[in-house]
Amino acid sequence: MQVAKVVVDVPTNQTNHSFDYLVPPEMVGLIKKGMRVSVPFGPRKVMGFVVNLVAESEFDKLRKISQVMDMTPVLTDELLELGKWLAEETISLYIQAYQAMLPQVLKAKYKKEIEALTFEELPKSLQKLFDGRTVISFDEFLQRNGNYRELHKEMKNGHVQIHYIVQSKETIKKVSFIEPNKELYLIEEAIQDLSKNAQKQRLVLEYFLKNNESVEQGDLLRACETTTSTIQALIKKGLLKKIEKKVYRNPYQNREFKRTKPLPLSDQQQVAIEPIWKAIEKEQSEVFLLHGVTGSGKTEVYLQSIEKVLQKGQEAIVLVPEIALTPQMVQRFKERFGGEVAVLHSALSPGEKFDEWTKIHKREVKVVVGARSAIFAPFENIGIIIIDEEHETSYKQEEQPRYHAREVAKQRGIYHQCPVVLGSATPLLESYARAKKNVYHLLEMPDRMNNQVMPPVEIVDMREELHAGNRTMFSKRLLGAIEERLAKKEQVVLFLNRRGYSTFVMCRECGDVVKCPHCDIALTYHKSNHLLKCHYCDYQIPMMQECENCQSDQIRYFGTGTQKVEEALMQVIPDAKIVRMDVDTTRRKGAHERLLQKFQSKEANILLGTQMIAKGLDFENVTLVGVLAVDAMLNLPDFRASEKTFQLLTQVSGRAGRHQLPGEVIIQTYSKEHYSIELASQYNYTQFFLQEMNMRKNFHYPPYYFLTLINVSHPNQLKVMEVTKMISKLLYKHLTNDATILGPTPSPIIRINNRYRYQCMIKYKNEPMQHEIIRKILDYYYEDIQKNDLTITVDFEPYQLM
DNA sequence: AGCACGCCGACT
DNA sequence: GTCGGCGTGCTC
């Protein structure tokens, strides 16, 4: 007897364990650990992962596995183990962890069908629904207002049967190819026989005389300037034939990558790379922190480390932050390793992601470059894991399972006995502190390549501008500098920090701010469609003409959106050709690359954008970077506000003067004295680190303490307060005396989507029982969560405190 | 989750 | 007595 232990796709606490199923004899040998199967579960069928195969079970009434959904396991033994660890570490469900490791399309799709076993004996209404068919979908039954009770009765009578169908969503893209179906001389003869009217058919056949091979239908149509009907006619005559070939969707189809060779390493690169090479050769699990300033050549270190790994016949995972950085970064990897690279990032369609994943799964590639989830690439012989810009918050998943890719990387590094390289110009304080304590191996690259200096940074005090009578959002200094660059045909990057700062609408008469009725947040004005939108729920209303509070017509929008900056800029600088990049202009697929291309080709001379332009962009003609308002970020209710500001300013500054032309950076601010602005302008990470560490020590924040954030939400404010208070009490009672429990406190945004939100935070150094205690608390509220619309989320080492 | 079962009030 | 509502509990 063979028994499969299966984790089923039923995401609840009660089913968060494996279920035993009998492997039917015909499937023995076919079913392996890590495959998806469909199994009977109660009255229906669900998808599940086979997590183990054993010889017997303690249950006696085992049911059989219905179907195997994969030819080869989608999860390796290592990933099965890793998923278990991940779920336990983040207090998530096993099924959630496993699904997080796989592309979306491998999630199951469920369908129900009703089969009529007899017609005559069915009631009239059902006969009508079936309308002569033997099978209809359950969806159709519901849509056409089928009577559920009646159906139920007929089911009991054995007149109808319900089938539960479990399907995988993955599809394989096929492309039609056309090729000759006869010998060439016969084709030639056929051309002679064609009627005079058949011009296009002649053209197509002549094409094959010249190129006697299979050709993609689309290409053929383009080459002969014709349509499918011509091809169809020729296929009918038996002269051509159509073949469907499986192909990978190729997101980089229209791009050519010139292969590059390893560049000679500078002295500091050489010093940094030696220990990494050594760890690769010796197969040592070791974490490196590569602290290299912008332009110090970190990427070349990555590339040549990977080179070593490939020579050993091993594989490499490279994580990069979300989209902003990928086009240029991906290019460098493709140029070096060509077809050995798979790319996984959020801008790909689900089908494209699946195809890239398939290449990894089938071992057709050796290198993955991707966003957070690429850390789960199903390689089996990893030689190195690299996390670029390791301080980036996008490495933390903000939904279940709330994992940090860095921690997963370390875990896989131990399993594969390979180095993990964390790279950054502004490492996360936690990481740098660990490196200083020799938990990580610190590698420093303080100099830029070719002895370039970092561009000088000038801080402009906007309060002084205001006093001098300048009410616009551009200081005289910045405006002058922009004009100067444009005159020299150089380019400018303008950065607007919008986080926590958007265009809200206020009445000048009574000071009333228009807020969302469901969330505790001001609505944002969107000029393009004249709407006020809530960024936390989908509420939107047209912009009003008069104040709803006092009926005054003095209602105006405030704040600085990119749209507004763009307009203001066009007014003062008529020559400006602006590319605006923000969530609005980059929403469409491929828009991101298109806009950057426009700037690259110098069609535009100013790139204006939000967060997303701060990272990784490298344009040789950019000599000025302007930061319009950095203050909003500094004032966020987040203990990392200073650190984030420092990171951002450093990154933005790195966009200027990366090549021959010297660069310059201008930062506009209302808080000129703030140490993170001042030290960023001096590129003094070390000093910033010391000063910030001091702050963290005083206020008991990471890296001196660990944090756990518990969020509670419910439509009733009293209920939320009461639950959060109780949780705080329980934590206080059961955690050690070294732990501090803050709260209950209202979340920075107290209401979202009509739900009130409270939180409590644990600050601790060492709480071995923490997971268990929290798990018990969650169990205690299990009923409330199930029935009464209560939600409690637990975030270990949170990045998002909202 | 999703479904059956079972208990209770309302009604042919 | 039966229909239909919802609360409860189980799924190898």
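Remember, predicted model here, so these are calculated numbers, not experimental data. In the text below, chain A, chain B and the rest are named by the order of the sequence lines, each starting its count at 1.
In summary, A:E407 and A:K396 do not engage in a salt bridge, as defined by a charged side-chain N under 4.0 Å from a carboxylate O. Contact check on A:K359 versus A:E356 returns a salt bridge, with a Lys/Arg side-chain nitrogen under 4.0 Å from an Asp/Glu carboxylate oxygen. In summary, A:E430 and A:R640 engage in a salt bridge, as defined by a charged side-chain N under 4.0 Å from a carboxylate O. With respect to the salt-bridge test (charged N to carboxylate O, under 4.0 angstrom), the residues A:R755 and A:D789 qualify. A salt bridge is absent between A:R402 and A:E797: the closest approach of a Lys/Arg side-chain nitrogen to an acidic carboxylate oxygen does not fall below 4.0 angstrom.
Between A:K112 and the phosphate of B:dG2, there is no side-chain N or O to OP1/OP2 separation shorter than 4.0 Å. Look at A:Y110 and you won't find any side-chain N or O under 4.0 angstrom from OP1 or OP2 of B:dC3.
A donor and an acceptor atom, one from each side chain of A:N754 and A:H518, are located under 3.5 Å apart.
Spacing between atom CG of A:D9 and atom C1' of B:dA1 amounts to 9 Å, rounded to whole angstrom units. Separating the NZ atom of A:K111 from the P atom of B:dG2 is a distance of 16 Å, rounded to the nearest angstrom. One atom, CG of A:L142, and another, C1' of B:dC3, lie 14 Å apart when rounded to the nearest Å. To the nearest angstrom, C1' of B:dG2 lies 16 Å from NZ of A:K45.
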Exercise. Which parts of nucleotides 3-12 of chain C does protein reach within less than 4.0 Å, heavy atoms only, written one letter per nucleotide 5' to 3' as B for base, S for sugar-phosphate only and - for none?
Worked result: -B---S-BBB
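No cation-pi contact links A:R406 to A:Y395, judged by a cut-off of 6.0 Å to the six-membered ring centre and 45° from its axis. The cationic atom of A:K112 (NZ for Lys, CZ for Arg) lies less than 6.0 Å from the six-membered ring centre of A:F138 and within 45° of the ring axis.
A:V723 is not listed as a side-chain neighbour of A:H714, based on a closest heavy-atom distance of 4.5 Å or more.
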For nucleotides 10-12 of chain B, print each protein N/O atom paired with a nucleotide N/O atom at under 3.5 Å, atom names and distance only.
none

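Listed by residue number, there are no residues of residues 80-94 of chain A with a heavy-atom contact under 4.0 Å to DNA chain C.
Out of B:dA1, B:dC3, B:dA4, the shortest distance to the side chain of A:H152 is found at B:dA4.
Between A:H416 and A:F379, a ring centre-to-centre spacing not shorter than 6.0 Å is recorded.
Ring-plane geometry between A:F19 and A:F41 is classed as perpendicular, the angle between the planes exceeding 60 degrees on a 0 to 90 degree scale with a lower cut at 30.
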